[in-house]
Structure formats: structure tokens, C-alpha cells
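See below for the structure under consideration.
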Amino acid sequence: MPGFEFFGEEERKEVNDVLSTGILMRYGFDAARKGIWKSRELEQALCIRLNCGYAQLTSSGTSALTTALAALGIGAGDEVIMPSFTFVASFEAVLSVGAVPVLVDVNDSLTMDPVSVRKALTPATRCIMPVHMCGSMADMDIIQEICRDHKLLLLEDACQSIGASYKGKYLGTIGDAGTLSFDFVKTITCAEGGAVLTNNKNIYTNCDGYTDHGHDHIGNDRGAEQHPFIGYNYRISELHAAVGLAQFRKLDSFLSIQKKNHLFLQAELAKIPGVKFRTIPDPAGDSHTFLSWFMPSQELTEAVVSEMKARQIFGGNFYWFEHNWHYIRKWDHLKTDKTLNRLNSDQITAVKKLNTQDFSRSDEVMGCCISTAIGLSWTEDQLREKASGLATAIKKVLASASPQARYNQQASLA
Ligand SMILES: *Cc1c(COP(=O)(O)O)cnc(C)c1O
């Protein structure tokens with residue numbers, strides 16, 4: 001899954017190109033940089049490979065989300081609908097532009113449940129932000145239909161799903177804008193970085209200025225450029241872009257390794273009655289970064305987690321229900337409004353409401369889900385060992401399950 005497993009000569013070569021001139025900044029210094037523009041090159045490569053009109057690199061996936069929201073004109077008083085299962089960056093970005101995060105349930109696709117989205121619509125809703133979690137996609141046809149019916153903006157958080165697609169279109173290129181992350185544990189890494197993707201020239205132009213203090217980037221004298229609006233500094237450096245460029249060229253090989261390992265593991269677990277898999281709206285578009293599977297009940301899931309920990313095979317597996325960073329249950333800092341600087345009053349009201357909101361539908365899904373990260377560097381032996389370790393732990397738990405748990409298991413099979 002993470003590109004850092006395959007860091008090598010290719011990355012070093014690109015970085016050395018930049019070091020050879022010492023021009024570490026992506027803008028300006030035209031003569032001194034001797035034609036080396038790694039950020040531009042990576043942006044072009046993203047557009048070509050992902051079949052997208054425009055790409056704007058940023059300093060992180062989080063700043064890509066912030067940039068995209070700002071470029072879409074989302075701010076004070078606007079509500080952004082997002083799922084209860086995502087990385088904290090999703091609500092951080094919404095709060096950072098002054099907007100209100102509205103959290104909705106996820107279903108067994110591990111992405112936002114369209115029924116819950118419809119229920120969450122209010123006159124203040126401006127944007128729907130599906131998060132394509134764990135390498136696979138939200139149900140985009142239905143989400144796009146809701147956006148059309150209610151004239152809402154669509155921002156896709158594809159930070160975990162580079163290279164995955166839905167009905168032939170790459171995730172992140174379907175909505176008004178989409179984001180990618182290249183942080184250290186993502187499929188493509190450059191240490192820290194991200195990108196906003198869009199097919200809309202105005203949105204792109206907004207991103208271009210917003211990430212660089214509002215610079216309009218017209219002319220060739222940086223100091224004399226105009227500032228049509230206020231921006232911030234979310235620039236990527238040439239060193240980071242250089243690593244990203246080498247990594248991005250490896251995307252196809254990463255995807256094919258992931259697919260092979262994922263399909264093998266899945267076939268092994270599929271032999272166990274009681275184990276089910278995540279719903280994938282377009283299975284052909286899965287990027288296979290994770291295999292996400294379900295036990296018949298929360299009790300049995302917890303038992304499998306304990307069994308795997310006891311066998312010291314839990315590393316690389318995630319029980320998100322108990323995770324501090326990816327699920328609403330443990331986001332106490334959000335729910336109790338723990339910020340260093342004051343949020344606006346709409347935001348304070350919204351985050352406090354999360355304490356009493358019913359997330360039982362998400363709990364039902366997340367309480368039974370384990371995601372297995374798919375390694376890129378596993379050998380054949382290691383892959384087989386992973387599969388048999390998982391299967392043994394699961395079977396042991398199912399065999400010793402209480403009569404009630406076994407009843408639930410049968411009910412879920414029926
Ligand atoms: C990683 C991630 C981000 C943020 O990316 P960073 O580059 O770490 O800031 C945003 N959303 C999701 C779903 C992510 O997994």
C-alpha cells in the first residue's frame with residue numbers, strides 16, 4: 001500500500017536534478033533553474049494519467065482540501081456534508097475555511113450513505129464531500145444526482161484512493177474538484193504533499209492563486225504580480241515534487257501488485273462462512289490498497305482483533321471503530337470544541353450537536369469491520385502466511401463463539 005516500500009534510485013535521481021541547481025522553489029528563478037520544473041511536470045503527469053483538465057499541487061492533502069473548498073467559494077455559514085468515517089483532515093479543512101461540517105452515516109461501502117445525505121440537506125447545504133476511503137469509492141451516481149437535484153457542489157476526497165476509478169473516471173476527477181494526498185503512508189508518497197484536481201479552469205485558477213498568497217502568476221516578475229484575492233502559502237517544494245514525480249511513474253506497477261495480493265487474500269477469506277466483504281459500487285475501479293472485511297457481529301470482531309493481537313499478526317490491520325483518527329466515536333476534540341482559537345458560532349453549534357447525533361447505523365458497520373492493508377513488498381511466502389494467519393484467527397473465533405454469536409452469524413448468512 002504505501003509507496004515508501006519502493007523508494008529507490010528513481011526518486012534519488014529526480015531529487016538530484018533539483019539539488020544540481022539548488023532552486024528548491026517551484027516558482028521563478030527561470031534562468032537559474034536550467035529548465036527544471038518538477039512541480040509543473042508532476043501536475044502535467046497527473047492530468048495525463050488521470051485524464052483530468054487541471055491539477056494544482058499543494059503542501060499536503062489537508063491543504064489540498066482547504067484549497068479546494070476555498071476555490072469552490074465555500075466559507076462562513078455554508079454546510080458541507082461529509083461521512084462519519086474518514087480521516088480527521090476532512091473536518092479540519094471544512095473548519096479551516098469557516099464552514100460547518102455536517103457528518104452523516106456510512107454504509108457497508110465504508111463511504112457516505114446517500115439516504116443519510118438526503119436527510120442531512122438544509123437550506124445552508126453548499127457542498128457534498130464524499131470520501132473514497134481505503135482505496136475504493138463512494139456511490140457516485142447517486143451522490144451526483146443529489147448534487148444536481150439540489151444545486152450543490154461536489155468535492156471528492158480521493159486522498160486514499162489515487163488510481164481508483166468509478167465507471168471509467170478516476171476518483172477525484174468526477175466532482176467539481178477532488179483531492180489527492182502524497183503523505184508518507186499513502187499509495188504515492190513525496191513525504192508531504194497533495195493535489196487538487198478539477199476540470200474547471202476557474203476553479204483551477206483559484207487554486208493556483210490561493211496556494212501562493214493570491215499571486216496571479218502573470219508575467220515573469222514575481223514581485224510585480226497582482227493579488228486579485230487573499231491567499232495563503234500551501235505551496236509544494238521542488239524537492240517534494242521531484243520525489244512525487246518518480247513515485248507517480250510507479251503507480252501502475254503499485255496498482256497491479258496490490259490487485260494481485262488483494263485478490264489472493266480475499267479468495268482465502270471468502271472460503272470462511274461468516275466473513276463478508278465491503279460493498280464496492282464499481283468493483284473494476286477498486287485500487288486494492290486495503291481488503292476490508294466484516295465479521296458477523298461486533299462481539300466477534302473484537303474477539304478476532306484480540307486473537308490477532310495475541311498471535312502478533314494484527315500489524316497492518318485496522319479496527320477503525322476503536323481508532324482515534326478515523327471515526328467519529330473517538331473525535332472528542334471535535335465534539336467538545338477543543339480548538340486553540342475560537343470557531344465561529346455556526347461551527348460551535350454544529351460540533352456540539354454531534355454529541356447527541358445518532359450514529360448507530362455507522363456503528364453497526366464500523367463495529368464489524370477490519371481493514372487489512374495490502375503490502376507492495378510482500379513475498380509470495382509472506383502473502384500466503386498473512387492469509388493463513390488471518391484465516392486461522394477468524395476460524396478459531398468462530399468455532400468458539402457463544403451460541404448467541406453463532407445464531408447471529410447464521411442470521412447474517414441467511
Ligand atoms: C491522508 C488523508 C488526508 C490528508 O492528507 P495529508 O496529506 O496527510 O494532509 C485527507 N483525507 C483523507 C481521507 C486522508 O486519508
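Every number for a ligand or one of its atoms is a count from 1 in the order of the listing.
Of the charged side-chain nitrogens involved, none lies within less than 4.0 Å of a carboxylate oxygen, so that Arg329 and Asp363 do not count as a salt-bridged pair.
In this structure, His262 and His288 have perpendicular ring planes: the angle between them is above 60°, well past the 30° mark.
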Would you tabulate the side-chain donor-acceptor contacts of residues 168-177 under 3.5 Å, counting partners in other chains and residues two or more places apart, or write 'none'?
{"from": "Tyr170", "atom 1": "OH", "to": "Arg49", "atom 2": "NH1", "distance (Å)": "2.9"}
{"from": "Thr173", "atom 1": "OG1", "to": "Tyr170", "atom 2": "O", "distance (Å)": "2.6"}
{"from": "Asp176", "atom 1": "OD2", "to": "Leu154", "atom 2": "N", "distance (Å)": "2.8"}

Enumerate, one pair per line, all nitrogen or oxygen atoms of ligand 1 lying under 3.5 Å from a protein nitrogen or oxygen, stating the separation to 0.1 Å; write 'none' if no such pair exists.
{"from": "ligand 1", "atom 1": "5 (O)", "to": "Ser181", "atom 2": "OG", "distance (Å)": "3.2"}
{"from": "ligand 1", "atom 1": "7 (O)", "to": "Gly61", "atom 2": "N", "distance (Å)": "2.7"}
{"from": "ligand 1", "atom 1": "7 (O)", "to": "Ser181", "atom 2": "OG", "distance (Å)": "2.7"}
{"from": "ligand 1", "atom 1": "8 (O)", "to": "Asp183", "atom 2": "OD2", "distance (Å)": "2.6"}
{"from": "ligand 1", "atom 1": "9 (O)", "to": "Gly61", "atom 2": "N", "distance (Å)": "3.4"}
{"from": "ligand 1", "atom 1": "9 (O)", "to": "Thr62", "atom 2": "N", "distance (Å)": "2.9"}
{"from": "ligand 1", "atom 1": "9 (O)", "to": "Thr62", "atom 2": "OG1", "distance (Å)": "2.5"}
{"from": "ligand 1", "atom 1": "11 (N)", "to": "Asp157", "atom 2": "OD1", "distance (Å)": "3.4"}
{"from": "ligand 1", "atom 1": "11 (N)", "to": "Asp157", "atom 2": "OD2", "distance (Å)": "2.8"}
{"from": "ligand 1", "atom 1": "15 (O)", "to": "Gln160", "atom 2": "NE2", "distance (Å)": "2.9"}
{"from": "ligand 1", "atom 1": "15 (O)", "to": "Lys186", "atom 2": "NZ", "distance (Å)": "3.1"}

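Residues Leu390 and Leu265 have side chains in contact (heavy-atom distance under 4.5 Å, counting atoms from C-beta outward).
Counting only residues at least two apart or on different chains, the side-chain hydrogen bond (donor to acceptor under 3.5 Å, both in side chains) pairs with a member in residues 195-210 are Asp208-His217.
The side chain to side chain donor-acceptor pair (under 3.5 Å) check on Ser360 picks up Asp358, with sequence neighbours excluded.
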